[in-house]
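Since the structure comes first, as structure tokens, the remarks are kept for the end.
All values below were derived from every heavy atom in this structure, side-chain atoms included, with hydrogens, water molecules and symmetry-related copies excluded. Start at 1 and go down the list; that is how both ligands and their atoms are numbered.
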Amino acid sequence: MQAKTYYNSDADLSNITDKIIAIIGYGSQGHAHALNLKESGVNVIVGLRKDSSSKADAEKAGLTVYTTSEAAKKADIVMILIPDQHQKKVYESEIKSHLEEGNSLAFAHGFNIHFDQIVPPENVDVFMVAPKGPGHLVRRVYKEGSGVPSLFAIYQDFTGKTKETALAYARAIGGTRAGVIETTFKEETETDLFGEQAVLCGGASELIKAGFDTLVEAGYQPEIAYFECLHELKLIVDLLYEGGIEGMYYSVSDTAEYGGLTRGTDVINDQTRERFRTMLKEVQDGTFAREWIEENKTGLKKLNKLRSELGDHKIEKVGKDLRSMMDWIPDNIKQETEPAE
Ligand code: NAD
Ligand code: MG
């Protein structure tokens with residue numbers, strides 16, 4: 001592999017076993033980090049809001065829960081795992097004043113540090129350990145004795161030992177069992193934003209909608225268009241995930257392979273690629289970040305309008321009816337229109 005990758009043998013747990021680690025937030029990543037650290041023999045505590053609904057869960061799992069500011073005060077390493085848009089406020093009101101010289105401030109995503117929303121004091125270490133997978137996978141795979149490939153990055157190295165600390169942390173959550181790749185806050189943040197806009201969330205959903213609309217406008221039944229353009233994407237994504245693009249093409253029919261290889265470039269053409277480059281520039285120069293920070297400050301008006309427009313799209317109405325026929329999808333997921341908080 002081209003990228004420098006670190007494994008268990010490169011990471012020494014004793015770099016963190018004499019420390020107290022506070023995990024702030026007990027959501028997707030938070031619960032996985034906290035429980036994996038605990039089972040790796042690390043002294044971990046959890047910091048939550050006073051009224052947090054996760055407090056009971058964390059305590060039931062055998063973790064000790066404090067308020068965020070109490071946890072930050074007790075800890076040597078503070079890992080912030082609350083939603084990115086709330087981190088600045090929580091950092092300023094409950095964490096900042098408790099950071100002592102030589103402490104570590106840690107993240108699983110680089111946005112707030114890279115775009116200067118959180119400006120840490122100079123006398124602390126700042127690092128990132130970011131599993132490339134959702135928390136439930138980080139937890140499940142750890143219990144099975146393996147790990148999820150992860151990224152790590154160092155933003156500020158006050159003690160001269162930040163790399164050792166970050167790798168020990170990555171080992172404790174299972175990351176170095178699979179392999180941990182070194183990146184920077186800049187690279188992780190910019191590629192993450194670009195990927196979710198161009199390909200994963202923005203690109204994929206507009207591709208689905210455009211395919212669906214084309215079939216429906218031409219008089220085909222919306223239910224059939226839904227299966228073809230949205231439902232079956234899962235099969236293709238699973239094939240891509242397991243075998244790459246060649247693996248996917250190997251598994252589909254020759255007809256699908258020929259049609260895809262000759263027509264796909266009509267969809268993603270030079271013009272689209274040029275637009276991708278512009279989108280990337282807007283990520284790199286902070287245009288997107290400024291817009292998103294402003295949107296949060298002004299009450300998410302644009303986001304709420306876009307959410308409601310999407311909810312009105314025919315594909316969403318048809319999808320709800322069709323998914324109600326799919327018993328294997330949990331009810332709370334298949335009817336979801338609002339993102340879970
Ligand atoms: P989440 O939404 O699943 O969980 C957030 C937790 O923080 C919840 O327990 C919530 O109740 C709590 N919380 C919310 N507001 C709070 C506040 N004001 N004070 C204290 N606690 C509060 O979040 P997540 O998806 O685990 O993301 C956490 C971090 O991990 C983010 O930086 C994210 O970018 C990063 N990350 C997420 C994933 C993923 O797949 N979910 C993967 C890699 C990195
Ligand atoms: Mg991401």
Side-chain angles (χ1 to χ4, degrees), residues 22-37 45-61 63 65-73 75 78-96 98 105-115 117-118 126-142 147-153 155 166 169-170 173-175 178 180-181 183 185 187-197 200-201 241 283 289 292-293 296 300 332-333 336 338-341:
I23 300 297
I24 311 301
Y26 198 71
S28 174
Q29 291 293 322
H31 92 284
H33 288 227
L35 294 173
N36 292 4
L37 284 163
I45 58 177
V46 174
L48 293 173
R49 286 175 290 197
K50 275 213 174 61
D51 56 348
S52 171
S53 58
S54 313
K55 188 168 187 274
D57 283 350
E59 285 175 345
K60 222 170 107 192
L63 293 157
V65 179
Y66 296 96
T67 63
T68 299
S69 74
E70 283 167 354
K73 191 169 180 189
V78 181
M79 171 56 102
I80 305 186
L81 294 175
I82 65 174
D84 297 294
Q85 66 271 30
H86 301 313
Q87 290 183 4
K88 178 185 172 72
K89 197 166 159 241
V90 172
Y91 170 79
E92 275 169 10
S93 59
E94 298 185 72
I95 297 173
K96 191 176 166 179
H98 302 302
L105 189 61
F107 297 87
H109 177 42
F111 188 99
N112 285 294
I113 288 288
H114 180 62
F115 290 116
Q117 296 306 290
I118 292 176
V126 181
F127 68 86
M128 165 172 30
V129 173
K132 294 313 284 177
H136 74 265
L137 191 68
V138 173
R139 180 63 188 142
R140 195 188 86 206
V141 170
Y142 177 88
V148 170
S150 306
L151 307 179
F152 90 97
Y155 177 75
Y169 186 100
I173 63 166
V180 173
I181 294 173
T183 182
F185 276 66
E187 181 177 64
E188 187 274 341
T189 304
E190 292 175 354
T191 55
D192 185 76
L193 291 174
F194 174 79
E196 64 201 16
Q197 292 172 15
L200 306 173
C201 307
Y241 184 87
V283 165
W292 174 227
I293 290 161
N296 273 282
L300 301 177
N332 62 327
I333 294 178
E336 192 121 74
E338 297 288 309
E341 218 283 325

Test item, A130 contacting ligand 1 (heavy atom, 4.0 angstrom): no

Residue part near ligand 1, for V90, under 4.0 Å between non-hydrogen atoms: side chain

Proximal candidate to atom 13 (N) of ligand 1 [heavy atom criterion; set H33, K132, R49]: R49

Contact check: T68 vs ligand 1, nitrogen or oxygen atoms, below 3.5 angstrom: no

D84 N/O to ligand 1 N/O under 3.5 Å: yes

Parallel, tilted or perpendicular, as decided by the 30° and 60° cut-offs, for the rings of Y169 and H33: tilted

Test side-chain contact (heavy atoms from CB on, under 4.5 Å) applied to L63 and Y26, step by step: CA-CA 11 Å; L63 293 157; Y26 198 71; 3.5 Å; yes

Heteroatom proximity flag, H86 to ligand 1, N/O under 3.5 Å: no

Polar contact flag for G27 and ligand 1 (N/O pairs, less than 3.5 Å): yes

Backbone or side-chain N or O of H109 under 3.5 Å from ligand 1 N or O: no

Atoms of ligand 1, numbered as shown, that sit under 4.0 Å from any heavy atom of P134: 40 (O)

Interatomic spacing from CZ in F127 to CE in M79 - rounded to 0.5 Å: 5.5 Å

Any donor-acceptor N/O pair, K88 side chain to Q117 backbone, under 3.5 Å: yes

